[in-house]
Amino acid sequence: MQRLWFEQAWLPDGWARSVLVTVADGRIASVEPGAEPGDAERHGAAIPGLGNVHSHGFQRGMAGLSETRGQPEDDFWSWREVMYRFLDRLTPEDVAAITAQAYVEMLETGYTRVGEFHYLHNDISGERYADPAEMAGAIVAAAEAAGIGLTLLPVFYAHSDFGGVAPVPGQRRFVSDVDGFAELVEASRAHLKGDANLGIAPHSLRAVTPEELDAILPVAGGGPIHIHAAEQQREVEACLAWSGARPVEWLLDHAPLDPRWCLIHATHLTDGECDRLATSGVVAGLCPVTEANLGDGIFPATHYLARGGRIATGTDSNICVDAAGELRALEYSQRLRDRRRVLTADEAAPSAGTRLFRDALAGGAQALGVRGGLVVGAAADIVSFAMSHPCFAAADPATILDRWVFAGRAGLIDRVWRAGRLCVEGGRHVAAEAVAVRYAQAMRRVLA
Ligand code: ZN
């Protein structure tokens, strides 16, 4: 039994003082505010670890490699060509090494669980590996190396555009048919370790026909269902041409949306779609840093949150892994659009940092199919702040999350426990060096 005592801790009702947390078998066994520390380890302020609902781990390796202008109108689609060329060469060992680096960085910034939207299934020639879940095994190995919680979301991908268009050669490593996908998911399950769980991810309405979507949904069992939707205006127009409906509108009308679902991006929404999505119980998986990097657009967060919509954040392309940075980018996108300030706060939660953290914590746990927060029975996923950092000078607890989200740089996070195991100490992952060496070796091979 581990005993951790915090001067302050973020509990479901907000900040509490003098909180004693006990941990048994990686889970929280008790939470006691107003407690004496006794013989417990003493720390500053604690928050629960966040769920990162959307990652493509291998893309960490191409961060910074697509910022040179390649054609007069670079956009998401020209970036995708660079991404396809990068992944063409990746072996399972490369994926494990690159993904582990991304996961180490996630833990260092306060993400303790990741939803890996995993579509790189086939070998370099497009054939299945002898074990169809060989690549899933590489992701599990990366999660084990870093110690992060894993929600594995094997992707179903069959087409290159709406209406069942055949895949292009650059997609040969992603594709499967419905039966092959069911085998892949079962084979993936066999690789899981610890409290890892499994969902599914129909890639997008571009890559999956309505018939295929119906056929694969039972494979999810009770697990999460994630899908990319309405990231790009061109995708919205193509969906309208195909079906007469916009992507999110189509899903609201035709898919059995419920709280197991997470719509990734959902950037381009009409007011009507936004209202309906907000009351559907579905989580919108927002990736504001990647969406800014790819020039996707601005999610209508003020409208959506005012209607009670649920959100979570993801690091998606892993261009710059930073849990606080995603929340900051979300708030800043609204400010830049409206030329006003503090836009995601409301009367119940007047601080933007607090409101976004609270919502992303709840939405992240929902979308990853786990319990979140410092509550009995949840995984002991705990982040403590270095309260001696100048950024927290004379901090009233009510401003701690705003200081972290808006005013921090490196060094604000001191320790991170994941399932009770200390993964980050003094702001640095305990395996950071070894993981970085393997990452550098893999990158030299891939970029040679
Ligand atoms: Zn994505």
Side-chain angles (χ1 to χ4, degrees), residues 51-63 65-66 75-84 86-87 90 95 98-99 102-103 106 111 113-121 135-136 139 142 150-161 167 170-171 173-175 199-208 224-236 239 247-248 251 261-268 282-297 299 311-323 325-326 329-330 360 363-364 367-368:
N52 175 0
V53 299
H54 193 64
S55 160
H56 309 287
F58 75 84
Q59 291 181 15
R60 179 64 190 143
M62 53 176 288
L65 302 185
S66 65
D75 60 8
F76 169 87
W77 307 100
S78 57
W79 169 84
R80 197 178 72 159
E81 289 306 314
V82 176
M83 188 261 285
Y84 282 5
F86 179 77
L87 66 77
L90 298 179
V95 167
I98 296 169
T99 303
Y103 290 175
M106 287 174 199
Y111 283 124
R113 188 175 195 90
V114 59
E116 182 66 28
F117 198 102
H118 162 52
Y119 59 85
L120 190 55
H121 302 307
M135 280 292 198
I139 289 163
L150 177 66
T151 296
L152 185 64
L153 301 159
V155 170
F156 179 76
Y157 202 117
H159 306 286
S160 64
D161 214 337
Q171 295 162 341
R173 302 195 71 179
F174 321 156
V175 293
I200 64 167
H203 178 273
S204 59
L205 292 177
R206 279 184 278 124
V208 182
I225 302 165
H226 290 214
I227 184 168
H228 290 123
E231 178 178 8
Q232 282 286 320
Q233 198 58 46
R234 185 171 118 187
E235 171 200 344
V236 174
C239 191
V248 171
L251 288 165
W261 285 69
C262 181
L263 267 53
I264 304 302
H265 306 301
T267 308
H268 299 285
V282 165
V283 172
L286 311 177
C287 311
V289 172
T290 293
E291 288 152 11
N293 182 268
L294 297 181
D296 288 342
F299 177 77
I311 60 161
T313 63
T315 57
D316 193 5
S317 69
N318 295 308
I319 175 73
C320 183
V321 176
D322 185 4
E326 297 293 343
L330 178 57
L368 298 180

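In each ligand, atom 1 is the first atom listed, and ligand 1 is the first ligand listed. The first residue of the sequence shown is numbered 1, and numbering continues consecutively from there.
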If the cut-off is 2.8 Å, does any N/O/S atom of His228 fall short of it from the Zn ion (ligand 1)? yes
Margin query: So that I can check it, does any N, O or S atom in His56 come closer than 2.8 Å to the Zn ion (ligand 1)?
Written below: yes
query: Would you say Cys287 and Thr315 make side-chain contact, with heavy atoms under 4.5 Å?
result: no
**Study point:** Pair His118 and His121, ring centroids less than 6.0 Å apart
**Key:**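 Distance test on ring centres: under 6.0 Å, yes.
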Check: Phe299 ring centre within less than 6.0 Å of His265 ring centre: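 Not close enough - the centres of the two rings lie 6.0 Å or further apart.
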Rounded to the nearest 0.5 angstrom, the CD-CD distance for Glu291 and Gln232 is 10.0 Å
The Zn ion (ligand 1) has as its nearest N, O or S atom from Asp316 the atom OD1
